[in-house]
Amino acid sequence: MAESAACPAFQLGRPRYDQGSFLGRLRHFIDIIDPSTLFVSEKQLKECIKLLDDYKHGTLPPGVSDLQLWEAQKIKQAIIHPDTGEKIFMPFRMSGYVPFGTPIVIGLLLPNQTVVSTIIWQWLNQSHNACVNYANRNATKPTPTSKFLQGYVGAVTSAVSIAVGLNVLIQKANKLSPATRMIIQRFVPFPAVASANICNVGLMRHSELSEGIDVLDNNGNVVGSSKIAARHAITETAFTRVVLPMPIFVLPPIIMSYLERLRFLQSNRRLLLPIHSFVCLVTFGLSLPVAISLFPQMSQIEVSRLEPEIAMATDCKVVTYNKGL
């Protein structure tokens with residue numbers, strides 16, 4: 001009984017954990033962002049896809065356990081986009097967000113930033129975010145390359161403008177003591193990144209608002225394309241991108257300002273950067289699953305709240321859409 005409770009019966013395309021609760025979504029997304037999936041070989045991926053196909057067609061070899069099937073689905077979900085069926089480029093997968101994003105976070109949080117260094121780190125951060133947002137978008141409708149480039153330029157420009165503007169304001173605040181100014185400068189990346197992240201999601205996924213996204217009935221059949229569902233999807237994703245940097249850009253400066261006063265670190269200054277890097281990595285690693293667990297990836301919405309033509313196309317009371325990550 002304990003074994004079946006720990007590993008429920010496999011259901012193709014369904015999450016292993018209850019998506020109706022935050023804890024269930026958290027466990028689900030910890031699987032999705034597991035960095036070990038970055039090391040899955042092409043052969044392993046093909047074996048996982050074949051195993052799931054065999055299950056779908058009722059030709060599963062004897063002796064395959066539910067745990068093996070859940071693991072195969074986890075690997076496929078971490079690597080393959082649910083709408084396009086294509087592999088997501090490794091640095092832009094959710095499982096690669098922390099490993100590839102942490103060096104940028106460390107750079108953003110370095111003290112005594114100049115205007116040039118602020119521009120460089122903000123550009124790198126929003127470039128990475130733009131590619132992650134695009135790679136994990138709802139892709140039920142094709143997005144022209146021109147719209148991707150427009151969104152990218154807008155996202156990066158907004159991030160750099162906000163960050164540089166805040167830094168200039170702080171430097172001109174003559175009433176602040178040097179110590180206070182340095183502490184405030186350490187917190188500048190958060191409002192800059194949070195507001196830029198909203199612009200980033202909106203601009204990178206703007207085509208969804210104009211063209212709509214597919215909504216599915218209880219059997220997974222497409223019943224229509226909804227701009228209202230697209231608005232919900234982008235709003236939910238943007239909110240997670242505001243929550244995500246909150247602990248990342250707030251906790252490390254607080255922790256480091258305390259650690260820097262320790263006598264041991266004052267006499268071993270070369271250890272500050274490795275410790276700072278470790279604090280950023282841990283905070284980022286904890287923040288990501290919490291933020292993306294706020295909403296289910298496959299979100300539901302009442303048909304009565306959508307366009308009239310969708311209500312006419314289905315008898316379902318509730319439809320499902322891919323929010324994206």
Side-chain angles (χ1 to χ4, degrees), residues 3 6-19 23-105 127-140 204 220 237 240 244 277-278 280-293 296-298 322-325:
E3 190 174 330
C7 184
F10 180 75
Q11 290 181 286
L12 185 64
R14 297 293 180 92
R16 179 175 174 179
Y17 306 105
D18 173 30
Q19 296 300 283
L23 185 58
R25 293 194 296 271
L26 182 62
R27 295 178 73 183
H28 170 70
F29 283 117
I30 285 172
D31 267 359
I32 296 295
I33 68 164
D34 181 358
S36 69
T37 59
L38 295 172
F39 303 101
V40 170
S41 66
E42 189 68 30
K43 181 186 173 187
Q44 284 176 285
L45 178 61
K46 286 179 178 176
E47 287 172 354
C48 290
I49 293 171
K50 185 180 184 307
L51 201 62
L52 296 171
D53 285 342
D54 288 345
Y55 176 88
K56 184 178 180 179
H57 298 112
T59 57
L60 203 62
V64 176
S65 68
D66 286 320
L67 189 59
Q68 286 174 287
L69 289 166
W70 284 122
E71 188 64 23
Q73 182 162 278
K74 165 188 167 177
I75 288 170
K76 183 183 177 183
Q77 287 178 335
I79 298 172
I80 305 293
H81 194 287
D83 295 331
T84 65
E86 296 175 1
K87 284 176 68 175
I88 300 172
F89 185 45
M90 191 185 292
F92 308 147
R93 296 175 197 165
M94 275 299 168
S95 54
Y97 202 11
V98 172
F100 290 94
T102 298
I104 299 171
V105 170
S127 296
H128 185 231
N129 282 349
C131 292
V132 169
N133 289 334
Y134 182 78
N136 294 279
R137 72 198 185 284
N138 179 303
T140 53
M204 294 308 299
T237 306
T240 65
L244 174 59
S277 303
F278 178 74
C280 290
L281 177 64
V282 171
T283 313
F284 197 177
L286 294 173
S287 302
L288 180 60
V290 171
I292 61 177
S293 299
Q297 181 173 359
M298 299 305 293
N322 175 17
K323 173 183 70 68
L325 286 175

Where is the tightest heavy-atom contact between [X] and [Y], given as atom of each residue plus distance?
X	Y	result
Arg93	Ile88	NE-O, 2.7 Å
Pro289	Ile30	CB-CG1, 3.9 Å
Phe100	Pro103	O-CD, 3.7 Å
Pro296	Gln19	CG-O, 4.0 Å
His28	Pro15	ND1-CB, 4.0 Å
Asn322	Pro82	ND2-CG, 3.7 Å

Point to revise | Verdict with reasoning, Val40 to Lys76, per side-chain contact (heavy atoms from CB on, under 4.5 Å) | key: CA-CA 10 Å; Val40 170; Lys76 183 183 177 183; over 6 Å; no

Exercise for review: Determine, step by step, whether Ile33 and Ile292 satisfy the side-chain contact (heavy atoms from CB on, under 4.5 Å) criterion, reporting the C-alpha distance in whole Å, the side-chain angles of both residues, the deciding distance to 0.1 Å, and the verdict.
Suggested key: CA-CA 10 Å; Ile33 68 164; Ile292 61 177; 3.8 Å; yes

With [X] via ring pair (Phe, Tyr, Trp, His ring centres under 6.0 Å) - residues at least two apart:
X	value
Tyr55	Phe10
Phe89	Phe92
Phe29	none
His81	none

When rounded to the nearest 0.5 angstrom, what distance separates [atom1] in [X] from [atom2] in [Y]?
X	Y	atom1	atom2	answer
Gln77	Gln297	CD	CD	7.5 Å
Ile79	Ile32	CD1	CD1	10.5 Å
Leu52	Ile75	CG	CD1	9.5 Å
Tyr97	Leu244	OH	CG	5.5 Å
Ser41	Glu47	OG	CD	7.0 Å
Lys87	Ile80	NZ	CD1	7.0 Å

Donor-acceptor contact present, side-chain [X] to main-chain [Y], <3.5 Å:
X	Y	result
Gln73	Arg14	yes
His128	Pro91	yes
Thr102	Pro99	no

Review point. Checking side-chain contact (heavy atoms from CB on, under 4.5 Å) for the pair Val132/Met94: CA distance, chi angles, key distance, verdict?
Key: CA-CA 8 Å; Val132 169; Met94 275 299 168; 4.0 Å; yes

Practice item. Check side-chain hydrogen bond (donor to acceptor under 3.5 Å, both in side chains) between Thr37 and all other residues, then give those that pass, not counting sequence neighbours. Key: Ser95

Point to revise | By side-chain hydrogen bond (donor to acceptor under 3.5 Å, both in side chains) - contacts of Lys56 (at least two apart) | key: none

Check your understanding: Taking 4.0 angstrom as the limit, do Arg27 and Asp31 come out as a salt bridge?
Key -> no

Review point. Can you list the steps and then say if Leu69 with Leu60 is a side-chain contact (heavy atoms from CB on, under 4.5 Å)?
Key: CA-CA 10 Å; Leu69 289 166; Leu60 203 62; 4.0 Å; yes

Practice item. For residues Lys46 and Lys43, determine if any side-chain heavy atom of one lies less than 4.5 Å from a side-chain heavy atom of the other. Key: no

Check your understanding: Got Pro61 and Asp54 here, is their nearest side-chain heavy-atom distance under 4.5 Å?
Key -> yes

